[in-house]
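The block underneath contains the structure these notes are about, expressed in structure tokens.
Letters A, B, ... mirror the listed sequences (proteins, then strands); counts begin at 1. Not measured: the values here are computed from a predicted model.
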There are 2 protein chains.
Amino acid sequence: MSIRIILADDHKIIRDGLRSLLEKEDDIQIIAQADDGRKTIELVTELTPDVVIMDIGMPGLNGIEATRHIAHEFPKVKTIALSMHSDKRFVTEMLKAGASGYLLKNCAFEELATSIRTVVDGKTYLSPAITDIVVDNYIRSTPDTQPTVYSTLTNREREVLQLLAEGRTTKQIAIQLYVSTKTVETHRAKIMKKLDIDNMATLTKYAVREGLTSLES
Amino acid sequence: MSIRIILADDHKIIRDGLRSLLEKEDDIQIIAQADDGRKTIELVTELTPDVVIMDIGMPGLNGIEATRHIAHEFPKVKTIALSMHSDKRFVTEMLKAGASGYLLKNCAFEELATSIRTVVDGKTYLSPAITDIVVDNYIRSTPDTQPTVYSTLTNREREVLQLLAEGRTTKQIAIQLYVSTKTVETHRAKIMKKLDIDNMATLTKYAVREGLTSLES
DNA sequence: TGCTCAAATCAGGATTATCCCTATTTGTAT
DNA sequence: ATACAAATAGGGATAATCCTGATTTGAGCA
């Protein structure tokens, strides 16, 4: 009895490629494909597959919401997230939603096959890069709260980060906050250390992703 | 004599999938793969393939710049753009850069195979959705309503901007481009003057909006 | 052919920003 | 009462930035 799989990704050629790869495995069988979250849920309801390979970024209903729904309604159906992002928030949300695996799109095919057999076996499979994030998060987490990257920054640090990401100089920020430039420097250094970022370009992108500033201007 | 192809995409599993699909075609042969623009150029120089399947969004040197370089240095090597975007600006720039084909990632595999044979035959292949854009543009033949990074910045400046927005230091960029740090500084200064931007945060946002770099990482 | 101009390259020197380390004060939770 | 994180800030070394000026190369054109 082979493992029955539904592929969900909004890019057809990627689905085709994955199908072509998976067809080579004797114990794996693609039974359907979907290009958005809603379609995926319909197919799962109809076919109850063993595994869903789920892209995160899909139009309409995204992969995270679809996974949440499937995990709730069909606990036996395992979901493996296939994502371009190693962004912590996506990982966190996807795992909270009930995914049994999380793979990055730059992984090798062997990893996909391995992950499928792993989740069918009732275990969790994560890409190595993802494991790092999850472990890191676990180490930092207290029994009570599950701190996100966002909550690791203090109010003052977020304030400074926002101003930095809006393009202000250290001096301007110091004047605006009525502190010395050295203080602003210290805040920035702590922010960067906490986020493991060492340049303004990456820091700016982080701030945009976190909604602290917009892409405009 | 089969068609010799180089695959360039920064996601390994996508390359694997495409390879798996293309291997089924008797007249098509994958001779190498690359995960960024610079590597692609090196491989083209070394192997002179018939066709390069080129992802647009790659780190370091992006697909548009790589295509421009290849089309100029190796006119016999055909490039097919494989993109998630149907954004007019990407299409325009990719075709201007010298691409012989433009496919959307949600196309069917048959289209990819067809496009390869079409460009080898010396013709141009466009996804239907792309054809609409190009035809629409041709009919109206209006100049671009708003200038993009491609009209205001030189090739070298765009290259530097992309690296800056990816978080590289001046020194790293100088080393990568085999020029002095002073040269990189000059490019950056010119970029900022042209765009009327005076800080890295705003410059990074600009690069993201223009598609030179992604928000991730 | 010679001219012009933009693009790409780089230097010197002055000014700022950043990095790394250390330290004090203050509020808060136990 | 104490322990700890947050906010503040300085000193000194290193690196980036700003401003000015200069050379080379190639493309376009009278």
Atom CD1 of I175(A) to atom P of dT8(D): distance rounded to whole Å?
15 Å
In terms of side-chain geometry, is the basic nitrogen of E25(B) or R117(B) positioned less than 4.0 Å from the acidic oxygen of its partner?
yes
Carboxylate-amine/guanidinium contact E185(B) R188(B), below 4.0 Å:
no
How long is the line joining CD1 of I173(A) and P of dA17(C), in whole Å?
11 Å
End-to-end axis angle, where each axis spans five pairs of the helix from dT1(C)-dA30(D) to dT30(C)-dA1(D), to 10°:
40°
Once you round it to whole Å, what is the distance between P of dT9(C) and CD of E157(B)?
10 Å
Donor-acceptor check, side chain of R168(B) to backbone of L163(B), threshold 3.5 angstrom: yes or no?
no
Just how far, in rounded Å, is P of dA7(C) from CZ of R68(B)?
13 Å
Please determine whether a side-chain nitrogen of the Lys or Arg among K194(A) and E157(A) lies less than 4.0 Å from a carboxylate oxygen of the Asp or Glu.
yes
Short question: side chain of R4(B), backbone of A32(B) - any donor-acceptor pair under 3.5 Å?
no
Using the side-chain hydrogen bond (donor to acceptor under 3.5 Å, both in side chains) rule, collect all pairs that involve residues 28-37 of chain B, keeping only residues at least two apart or in two chains.
S2(B)-Q29(B), R15(B)-Q33(B)
Starting from C1' on dT8(D), measure out to NE2 on H187(A) and report it in whole angstrom.
7 Å
Atom-to-atom span, CZ of R158(B) to C1' of dA8(C) - whole angstrom
14 Å
Between R19(B) and E23(B), is the closest basic N to carboxylate O distance under 4.0 Å?
yes
Residues that D26(B) engages under salt bridge (charged side-chain N to carboxylate O under 4.0 Å, His left out), provided they are two or more places apart:
none
For the side chain of T186(A) and the backbone of K182(A), is there at least one donor-acceptor N/O pair under 3.5 Å apart?
yes
Does the pair D55(B) and K105(B) meet the rule for a side chain to side chain contact (heavy atoms under 4.5 Å, CB included), with working shown?
CA-CA 9 Å; D55(B) 183 34; K105(B) 279 193 178 168; 3.3 Å; yes
Do K190(B) and T154(B) have side-chain atoms, one donor and one acceptor, less than 3.5 Å apart?
no
Do the side chain of K78(B) and the main chain of I116(B) share a donor and acceptor less than 3.5 angstrom apart?
no
Where do N or O atoms of nucleotides 24-27 of chain D meet protein N or O atoms at under 3.5 Å, pair by pair?
none

Write down the distance between NZ (K193(B)) and P (dA7(C)), rounded to a whole number of angstrom.
13 Å
Might you confirm whether atom CG of D121(A) has over 12 heavy atoms from other residues, nucleotides or ligands at distances under 6.0 Å?
yes
Using atom CD1 of I191(A) as one end and atom P of dC20(C) as the other, report the distance to the nearest whole Å.
15 Å
When you check every protein heavy atom under 4.0 Å of nucleotides 10-23 of chain D, what one-letter string (B, S, -) results, 5' to 3'?
BBB---SBB-----
Under-3.5 Å N/O pairs linking protein and nucleotides 24-26 of chain C:
none

